Amino acid sequence: MGWLILALMGAVTFLYGVSTHAALLCLLVKPLPVLALLGWLHDAPPTDYRRWISLGLIFSLIGDVLLAWPGDLFVFGLGAFLVAHLAYLKAYLSDCKRPAVLPLILAIGVGASLLGILIANGLGPLLIPVIVYGMAISAMLWRALARLGTDVPKRSALLAAAGALAFVFSDSVIGINRFVSPFNAAPYIIILSYWLGQWGIAASAFALNSKNIDNRIH
């Protein structure tokens, strides 16, 4: 309950800071929801899956700070979230390695469509970093969806897939707002879908146990 309260306090205060353009307040409280998820995740079964998800949350925390920091640290924030997605990718591969062609096609389609839109509107020097990041998050989405319909516990697979989709949606809105057409509601849509995504990914670790991981062969 304590972690939930910390997360809610941080989220509400951050949203207030966004609405009042209080940059310093946003910088101070933005990491709190993900920090709370890290504390909460400590209660999940001690599996390799949990360890990789924890690492992903740590780098997400770094990315949160870099993106909220005064000045344009977008590339560095992008790099931190790139590592986070690779950690999530490793977590999903720890209990499911099936090829999953349909999820692969879907993930490629989503990633290619978004990259096509962004590239058409001009990315300048960010072209290569954004392409690399797009490939990483698409791979993360693929492996999250690949766990659906396997002997991975259903609740874990659903939560991870929903979390990955919410994360991709959040990043898509970031790209559209930054490179295509800014709109006023973007900051709220971005952060709320991001928090929901991170919650789903973290919550997926609670439906697993060490025996599930050790005995599963794909």
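Just so it is clear, the values below take in all heavy atoms, side chains as well, and ignore hydrogens, waters and symmetry mates. Treat the numbers as computed from the prediction; the structure is a model and nothing was measured.
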Joining Ile, Leu, Val, Met, Phe, Trp and Tyr whenever any side-chain heavy atoms lie under 4.5 Å apart, the cluster holding Ile105 also takes in Val101
Linking Ile, Leu, Val, Met, Phe, Trp and Tyr through side-chain heavy atoms less than 4.5 Å apart, which residues share a cluster with Ile108?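 Listed partners: Leu104, Trp142.
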Can you check whether Phe81 and Phe59 have ring centres sitting under 6.0 Å from each other?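 Between Phe59 and Phe81, which both carry aromatic rings, the centre distance is not below 6.0 Å.
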Counting only heavy atoms not in Phe76 (residues, nucleotides, ligands), do more than 12 fall under 6.0 Å from its CZ?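 Open: at most 12 neighbouring heavy atoms sit under 6.0 Å from CZ of Phe76.
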By the side chain to side chain donor-acceptor pair (under 3.5 Å) test, which pairs, at least two apart or in different chains, include something from [range]?
range            : answer
residues 50-63   : Asp48-Arg51, Ser60-Gln198
residues 13-24   : none
residues 123-136 : His85-Tyr133, Tyr133-Asp171
residues 178-187 : Asp72-Arg178

Contacts of Ala120 that satisfy side chain to side chain contact (heavy atoms under 4.5 Å, CB included) - sequence neighbours left out: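 Ala120 satisfies side chain to side chain contact (heavy atoms under 4.5 Å, CB included) with no residue once adjacent residues are dropped.
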Of all residues at least two apart in sequence or in a different chain, which pass the side chain to side chain contact (heavy atoms under 4.5 Å, CB included) check with Asp43? Phe206
Using side chain to side chain donor-acceptor pair (under 3.5 Å) as the criterion, list what pairs up with Ser156, not counting sequence neighbours.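 Result, side chain to side chain donor-acceptor pair (under 3.5 Å) vs Ser156: Arg147.
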Name the residue from Trp199, Tyr194, Trp195 that meets the ring-ring contact (aromatic ring centres under 6.0 Å, His included) definition with Phe167.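 The option that passes is Tyr194.
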Of all pairs that satisfy salt bridge (charged side-chain N to carboxylate O under 4.0 Å, His left out), the ones with a partner from residues 125-140, not counting sequence neighbours: none
Please collect all salt bridge (charged side-chain N to carboxylate O under 4.0 Å, His left out) contacts where either partner lies in residues 119-128, sequence neighbours excluded, each pair once. none
Output all residues satisfying salt bridge (charged side-chain N to carboxylate O under 4.0 Å, His left out) with Arg143, sequence neighbours left out; order by chain, then residue number. none
